[in-house]
Amino acid sequence: MAIAWKEAYRLLADDLDARGVDIEAVKDALKAQRIETPSWGYADSGTRFHVFPQPGAAVTAYQKLADAAQVHKFTGVAPSVALHIPWDKVDDYGALQQYAASLGLSLGAINPNLFQDDAYKLGSLCHPDAAVRRMAIDHCLECVGIAKTVGSNIISLWLPDGTNYPGQDNIRERKHRLVEALTKVYAAMPAPMRLLIEYKFFEPAFYHTDLADWGMAYVLATKLGDRAQVLVDLGHHPLGTNIEQIVAFLIDEGRLGGFHFNSKKFADDDLTVGSINPYELFLIYNELIDGERDPAVDMSVAYMIDQSHNIKPKVEASIQSVMNIQEAYARALLIDRASLAQAQRAGDVVMAEEIVQAAYRTNVTPLLAQVREEMGLAPDPLTAYRASGYYERVCQERTR
Ligand code: AFD
Ligand code: MN
Ligand code: MN
């Protein structure tokens, strides 16, 4: 992307100006965007079939933060990193937080792990054995303690619990156990710490999942309190689900806590966000901007990536992910909302759709390049990262 992008930006700016777009406001919004990357996105991962180890992949929490710092260095909008416990367990979380700060990073959501212990075969917080439930609750309380130590205000909880066979357990009793357990966890969270409740329609259980959809997560959040909200993971819905509708509904109820951005083709594939259905991602951002612009709505959304980069180089895939999210937001910011509302009120279906699609069809690459230049960054983060030699260096340093 040589200097030609400058000319493309000049033409785009003229076009946007003619369309009545406040370009400076759009650029300010893009500069203010914040996207959290997951520590687990920098380490080797795989599927139940195989893990393909990659040279240079991070192993320690410190190495993961060093990689995450590269994503922030080249994109400028990824200053926080989600942790996963015990994958990121360290002796001194204060020291880890200081190391993150030395890299210009903060530690974000703390993710408990309720799926990788032999005791959890029949569930964790929903397990029929009170001793196992106690173990899972204590792990969540440990995560609350870590959040306090590192200055994080988010516990991001994915509940893997469920059953594999009809009759295996009592579904309503499992619901009661879950409410009882999470009430204890919620009580331990000091304000303004939030519990983001993540649902998933199947996996690892194959008959029923205790927190299977947004409605179950929403009801649970309302039972716990104002600082419990729903986390929408884009890979966690049956095929054909209208995710942007779920997002709009949760925004309107003040219960959209955050996202786990990724893409899926069939199930929870943890593919690069925007790589399968960029229009869906754009439509989700349309709902987010609609909510942000509504004074009656109070939004505090954690925009987090949740991906395991099984065959892509980790840092590159993370930079690509951030860029795809920036692109969706940039396009959605170009929607002429006044004309859209007018067309909607008039029932002008074609014009309303055309207004939305006109924004989607806009090539925002030059706009994002201009924003990055104004932020003191290279116009194309991926090219700049590849030229930096970071990957070659860590491949040398992190020899196995
Ligand atoms: C898996 C789960 C869920 C969770 C993530 C990190 O499906 O999305 O948030 O791992 O634990 O993808
Ligand atoms: Mn997730
Ligand atoms: Mn997932």
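Remember, predicted model here, so these are calculated numbers, not experimental data.
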message: For Tyr165, is there any backbone N or O sitting under 3.5 Å from a side-chain donor or acceptor partner on Gln168?
response: yes
Heavy-atom pair with the smallest gap, counting every atom of Ile85 and Cys143: CB-SG, 4.0 Å
- prompt: Without hydrogens or angle criteria, can the side chains of Asn324 and Glu327 be said to hold a donor-acceptor pair below 3.5 Å?
  reply: no
Using atom types as modelled, flag every donor-acceptor pair under 3.5 Å from a side chain in residues 97-111 to any protein atom, sequence neighbours excluded.
| residue | atom | partner | partner atom | Å |
| --- | --- | --- | --- | --- |
| Ser102 | OG | Tyr99 | O | 2.5 |
| Asn111 | OD1 | Ser156 | OG | 3.3 |
| Asn111 | ND2 | Leu83 | O | 3.0 |

message: Between Asp67 and Arg398, does any NZ, NE, NH1 or NH2 come within less than 4.0 Å of an OD or OE carboxylate oxygen?
response: yes
field: Side-chain hydrophobic cluster, 4.5 Å single linkage: members besides Trp40
entry: Trp87, Phe115, Trp158
task: Kindly indicate whether the side chain of Leu234, heavy atoms from C-beta on, has any atom under 4.5 Å from the side chain of Lys264.
output: no
query: Taking ILVMFWY side chains as joined if any heavy atoms are under 4.5 angstrom apart, and letting links pass through other members, which residues group with Val350?
result: none
statement: Note: Arg174 and Pro128 closest approach over all heavy atoms is NH1-CD, 4.3 Å
message: Could you check whether any side-chain heavy atom of Ile289 comes within less than 4.5 Å of a side-chain heavy atom of Tyr329, counting everything from C-beta outward?
response: yes
field: Donor-acceptor under 3.5 Å (Glu373 side chain, Ala369 main chain)
entry: no
message: Ignoring hydrogens, what is the shortest heavy-atom contact between Arg293 and Arg337? Give both atom names and the distance.
response: NH1-CD, 3.5 Å
N/O donor to acceptor pairs below 3.5 angstrom from side-chain atoms of residues 215-225, sequence neighbours left out:
| residue | atom | partner | partner atom | Å |
| --- | --- | --- | --- | --- |
| Tyr218 | OH | Glu253 | OE1 | 3.1 |
| Thr222 | OG1 | Tyr218 | O | 3.4 |
| Thr222 | OG1 | Val219 | O | 2.6 |

- prompt: Can any side-chain N or O of Tyr303 pair as donor or acceptor with the backbone N or O of Gln33 at less than 3.5 Å?
  reply: no
Tyr199 and Thr209 side chains, donor-acceptor separation under 3.5 Å: no
- prompt: Is there a donor-acceptor pair under 3.5 Å between the side chain of Asp269 and the backbone N or O of Lys265?
  reply: yes
query: Do Asn310 and Ser308 get their side chains close enough for a donor-acceptor pair, meaning under 3.5 Å?
result: no
- prompt: Quick one: do the His84 and Ser39 side chains pair a donor with an acceptor below 3.5 Å?
  reply: no
query: Counting heavy atoms not belonging to Tyr391, are there more than 12 under 6.0 Å from its OH?
result: yes
field: Enclosure of Leu239 CG (heavy-atom neighbours >12, cutoff 6.0 Å)
entry: yes
message: Run Ile137 and Leu125 through side chain to side chain contact (heavy atoms under 4.5 Å, CB included) and show every step you take.
response: CA-CA 7 Å; Ile137 292 168; Leu125 298 175; 3.8 Å; yes
field: Any residue meeting salt bridge (charged side-chain N to carboxylate O under 4.0 Å, His left out) with Lys175, in chain and number order, not counting sequence neighbours
entry: none
field: Arg194 side chain to Ser300 backbone, donor-acceptor under 3.5 Å
entry: yes
query: Any side-chain heavy atom of Thr383 within less than 4.5 Å of one from Phe74?
result: no
query: Is the closest side-chain donor-acceptor distance between Asp233 and Asn262 under 3.5 Å?
result: yes
task: Please say which of Leu231, Leu157, Leu211 ends up in a side-chain contact (heavy atoms from CB on, under 4.5 Å) with Ile197.
output: Leu211
task: Determine yes or no for a side-chain-to-main-chain donor-acceptor pair under 3.5 angstrom, with Ser152 supplying the side chain and Lys148 the backbone.
output: no
query: Are a donor atom and an acceptor atom from the side chains of Gln370 and Glu374 found within less than 3.5 Å of each other?
result: yes
- prompt: Does CG belonging to Asp298 count more than 12 external heavy atoms closer than 6.0 Å?
  reply: no
Salt-bridge criterion met for Glu180 and Arg133 (N-O under 4.0 Å): no
- prompt: Can any side-chain N or O of Thr149 pair as donor or acceptor with the backbone N or O of Gly145 at less than 3.5 Å?
  reply: yes
- prompt: Between Glu142 and Lys89, is there a side-chain N and carboxylate O pair less than 4.0 Å apart?
  reply: yes
query: So, do Asp213 and Lys200 sit near enough that their side-chain heavy atoms are less than 4.5 Å apart?
result: no
- request: Answer yes or no: does atom CD of Gln245 have more than 12 heavy-atom neighbours from other residues, nucleotides or ligands under 6.0 Å?
  value: no
message: Whether the Asp210 and His208 side chains hold a donor-acceptor pair (N or O, under 3.5 Å, no angle test) is what I'd like checked.
response: yes
message: Can a donor-acceptor pair be found, under 3.5 Å and without considering hydrogens, that links the side chain of Asp17 to the backbone of Ala13?
response: no
field: Members sharing Ile171's hydrophobic cluster (side chains within less than 4.5 Å)
entry: none
- request: Decide yes or no on side chain to side chain contact (heavy atoms under 4.5 Å, CB included) for Gln229 and Leu195, but give the supporting numbers first.
  value: CA-CA 6 Å; Gln229 295 174 298; Leu195 176 66; over 6 Å; no
query: Does the side chain of His236 pick up a donor-acceptor pair with the side chain of Asp268 at under 3.5 Å?
result: yes
message: Test of understanding: with side-chain contact (heavy atoms from CB on, under 4.5 Å), list the residues that count as partners of Ala317, not counting sequence neighbours.
response: His309, Lys312
task: List in chain and number order the residues that pass side-chain contact (heavy atoms from CB on, under 4.5 Å) with Leu377, two or more places apart in sequence or in another chain; answer none if no residue qualifies.
output: Arg372, Met375
field: Side-chain heavy atoms of Asp88 within contact of Tyr62, under 4.5 Å
entry: no
message: Within the supplied structure, the quantity of interest is the number of heavy atoms (other residues, nucleotides, ligands) at a distance under 6.0 Å from Glu203 CD; does it exceed 12?
response: yes
- request: For Asp138, check salt bridge (charged side-chain N to carboxylate O under 4.0 Å, His left out) against everything at least two apart and list the hits.
  value: Arg134
message: Are Gln307 and Pro38 packed together at the side-chain level, in the sense that at least one heavy-atom pair is separated by less than 4.5 angstrom?
response: no
- prompt: For the residue pair Val77 and Gln326, what are the closest heavy atoms and their distance?
  reply: CG2-NE2, 3.6 Å
Exam field: side chain Ser124 to backbone Tyr120, donor-acceptor pair closer than 3.5 Å: no
query: Of all heavy-atom pairs between Lys64 and Tyr42, which one has the smallest distance, and what is that distance?
result: O-CD1, 3.7 Å
- prompt: Do Cys140 and Leu114 touch side chain to side chain, with heavy atoms closer than 4.5 Å?
  reply: yes
message: If hydrophobic clusters are built from ILVMFWY residues whose side chains come within less than 4.5 Å, do Val230 and Met299 share one?
response: yes
Please tabulate, one pair per line, all N/O donor-acceptor pairs under 3.5 Å involving side-chain atoms of residues 274-285, not counting sequence neighbours.
| residue | atom | partner | partner atom | Å |
| --- | --- | --- | --- | --- |
| Ser275 | OG | Thr272 | O | 2.5 |
| Asn277 | OD1 | Tyr279 | N | 3.3 |
| Asn277 | OD1 | Glu280 | N | 2.9 |

message: I'd like to check Leu256 versus Leu288 (side-chain heavy atoms, cut-off strictly below 4.5 Å). Are they in contact?
response: yes
- prompt: Would you call Asp380-Arg386 a salt bridge at under 4.0 Å N-O?
  reply: no
field: Fellow cluster residues of Phe201, listed by chain then number, with links counted only when side-chain atoms sit under 4.5 Å apart
entry: Phe202, Phe206
task: Please identify each residue that fulfils salt bridge (charged side-chain N to carboxylate O under 4.0 Å, His left out) with Arg19, with sequence neighbours left out.
output: Asp15
query: Between Pro160 and Pro204, what is the shortest heavy-atom contact and its length?
result: O-CD, 3.5 Å
message: Quick one: does any side-chain atom of Thr241 pair with a main-chain N or O of Ile243 as donor and acceptor, under 3.5 Å?
response: no
